[in-house]
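Working notes, structure below.
Residue numbers count from 1 along this sequence.
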Amino acid sequence: MITRPFPFFSEGIRLDADLHLPDDNGAAAPYPVLIPSSGYQGLKVIHPERFARALTQRGYAVLAFDYRGFGLSEGERGRLAPQEWADDLRAAVDRAAAAEQLDAERIGLIGWGMGGGVVVAEAADDPRVRAVASLNCISDGRRSTRNMHDEESWNSLVERVAADRGHRAEHGRSEITSPWDIIRLDLDGRTDGYVGEELYKAPGFGSGVSLESADLLLRFSAEAVADRISPRPLLIIHGAENGLHKPEEAEALYAAAKEPKELKFLEGRGHTEWMFDDDPTFKSVVEDLDAFFGSAFAQEQQPQPVTAADAH
């Protein structure tokens, strides 16, 4: 794998990014390109680079980036807004579509966790995206967040979010809280353990998040726009025992989408405990992604309606 810096701007904010290419001296360029959209508190050095290590071996270029406010990207620290992440992802598509070594006619998105909803929201109105894969997704932010909490912690979060609206309207600032007050990990032991042992190795992971971010998450719904991906294909893969983002998130996204679509559950698997380069489940998912995008990119592209939003 060959890696080089590939920064780009989203709404004037400089985002830190890397372009990962197959190690073939450019023989197969222009390459089909996949853009992983990371999950909650996600950083490009975690799952996006994991996908890059696996998928560049199969001939794809992979563009991995940090959202605004995370990693080395510019932006307000502690602000975690899936609506803005969709804008960042669209800017990544802009960057990829203009790059000489990349094939603008073969761009696909891979979303993980919260990013699994973000890829749907971005692709819904971006006909340049040929295919979308959503893994262990959040389909509706309010339902998914409610399902992570018991009654006491949910009521507390809702009350704090409501109070924060008035506070930031008066003072211009939102309260910063622990990220795990919003996304509650401790009710899903497998995910909690993986996060503590693996994800905290990434510098900056686990930093505080504003209550305004929680407010925005509760208003985010990928399933509301999922039907607009068609006639482009959508692949949904979800841990059958996912205790963080319940399987009903995948089922709801699948129900909202139009054909062509596919839903695959990973039997016996949870949210993220299998995300290691050499794990058999991860390798199997990579096989599925390769087959899915390979098929989508091989098909003749269907004409897509162009809207005013496409010409930004």
Side-chain angles (χ1 to χ4, degrees), residues 1-10 13-24 29-75 80 82 84-104 106-119 121-123 126 128-137 198-199 201-205 207 237 272 275-277 282 285-286 289-290 292-293:
M1 182 172 76
I2 303 298
T3 301
R4 63 181 178 89
F6 202 68
F8 58 92
F9 288 84
S10 174
I13 300 169
R14 186 183 186 277
L15 303 187
D16 188 54
D18 294 312
L19 181 62
H20 304 282
L21 298 169
D23 189 7
D24 65 355
Y31 302 102
V33 57
L34 301 177
I35 307 176
S37 180
S38 202
Y40 187 77
Q41 287 271 310
L43 297 163
K44 66 181 174 67
V45 298
I46 305 177
H47 294 334
E49 287 193 4
R50 189 182 316 284
F51 286 117
R53 289 191 294 271
L55 290 164
T56 53
Q57 297 179 32
R58 296 168 179 266
Y60 300 93
V62 178
L63 196 175
F65 70 97
D66 285 330
Y67 298 113
R68 65 183 73 186
F70 287 85
L72 297 179
S73 291
E74 296 177 349
L80 193 158
E84 294 170 353
W85 284 10
D87 292 333
D88 293 348
L89 185 56
R90 188 181 184 93
V93 174
D94 292 342
R95 182 75 162 102
E100 185 175 341
Q101 283 186 288
L102 306 181
D103 187 347
R106 294 185 291 167
I107 297 176
L109 305 181
I110 302 171
W112 175 269
M114 188 182 295
V118 170
V119 292
E122 198 288 320
D126 190 346
R128 298 170 300 174
V129 175
R130 290 285 302 276
V132 179
S134 180
L135 280 56
N136 279 328
C137 67
E198 296 298 325
L199 300 192
K201 294 176 182 178
F205 182 85
S207 56
I237 300 177
T272 197
M275 283 296 281
F276 293 96
D277 290 22
F282 176 70
V285 168
V286 169
L289 293 173
D290 185 23
F292 170 70
F293 286 111

Would you say the side-chain atoms of [X] pair up with the backbone N or O of [Y], donor to acceptor, closer than 3.5 Å?
| X | Y | result |
| --- | --- | --- |
| Gln57 | Arg53 | yes |
| Tyr60 | Asp290 | yes |
| Arg106 | Pro30 | yes |
| Glu74 | Ile13 | no |
| Arg95 | Pro7 | yes |

4.5 Å side-chain heavy-atom contact, [X] and [Y]:
| X | Y | result |
| --- | --- | --- |
| Phe70 | Asp16 | no |
| Leu109 | Ser37 | no |
| Asn136 | Trp112 | yes |
| Asp87 | Arg68 | yes |
| Thr272 | His47 | yes |
| Leu19 | Leu102 | yes |
| Tyr31 | Asp24 | yes |

[X] and [Y]: which non-hydrogen atoms are nearest, and at how many Å?
| X | Y | answer |
| --- | --- | --- |
| Ile110 | Leu55 | CD1-CD1, 3.8 Å |
| Tyr67 | Gly115 | OH-CA, 4.3 Å |
| Gly116 | Ser134 | O-OG, 2.8 Å |
| Ala17 | Phe8 | CB-CE2, 3.6 Å |
| Ala133 | Val119 | O-CG2, 4.0 Å |
| Asp18 | Pro5 | OD1-CA, 3.8 Å |

CA sep, side-chain torsions, deciding dist, call: Asp126, Leu89, side chain to side chain contact (heavy atoms under 4.5 Å, CB included): CA-CA 11 Å; Asp126 190 346; Leu89 185 56; over 6 Å; no
Quick one: pull up [atom1] in [X] and [atom2] in [Y] and give me the separation to the nearest 0.5 Å.
| X | Y | atom1 | atom2 | answer |
| --- | --- | --- | --- | --- |
| Asp23 | Thr56 | CG | OG1 | 8.5 Å |
| Ser207 | Leu43 | OG | CG | 8.0 Å |
| Ile2 | Leu21 | CD1 | CG | 7.5 Å |
| Leu63 | Lys44 | CG | NZ | 10.5 Å |
| Phe293 | Arg58 | CZ | CZ | 13.0 Å |

Mutual orientation of the aromatic rings belonging to Phe51 and Phe282 [parallel < 30°, tilted 30-60°, perpendicular > 60°]: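 It falls in the tilted class, 30° to 60°.
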Short side-chain donor-acceptor distance under 3.5 Å, Asp88 and Ser10: yes
Pairing of Glu122 and Arg90 as salt bridge, 4.0 angstrom limit: yes
Check against side chain to side chain contact (heavy atoms under 4.5 Å, CB included), His20 and Thr3: CA-CA 4 Å; His20 304 282; Thr3 301; 2.8 Å; yes
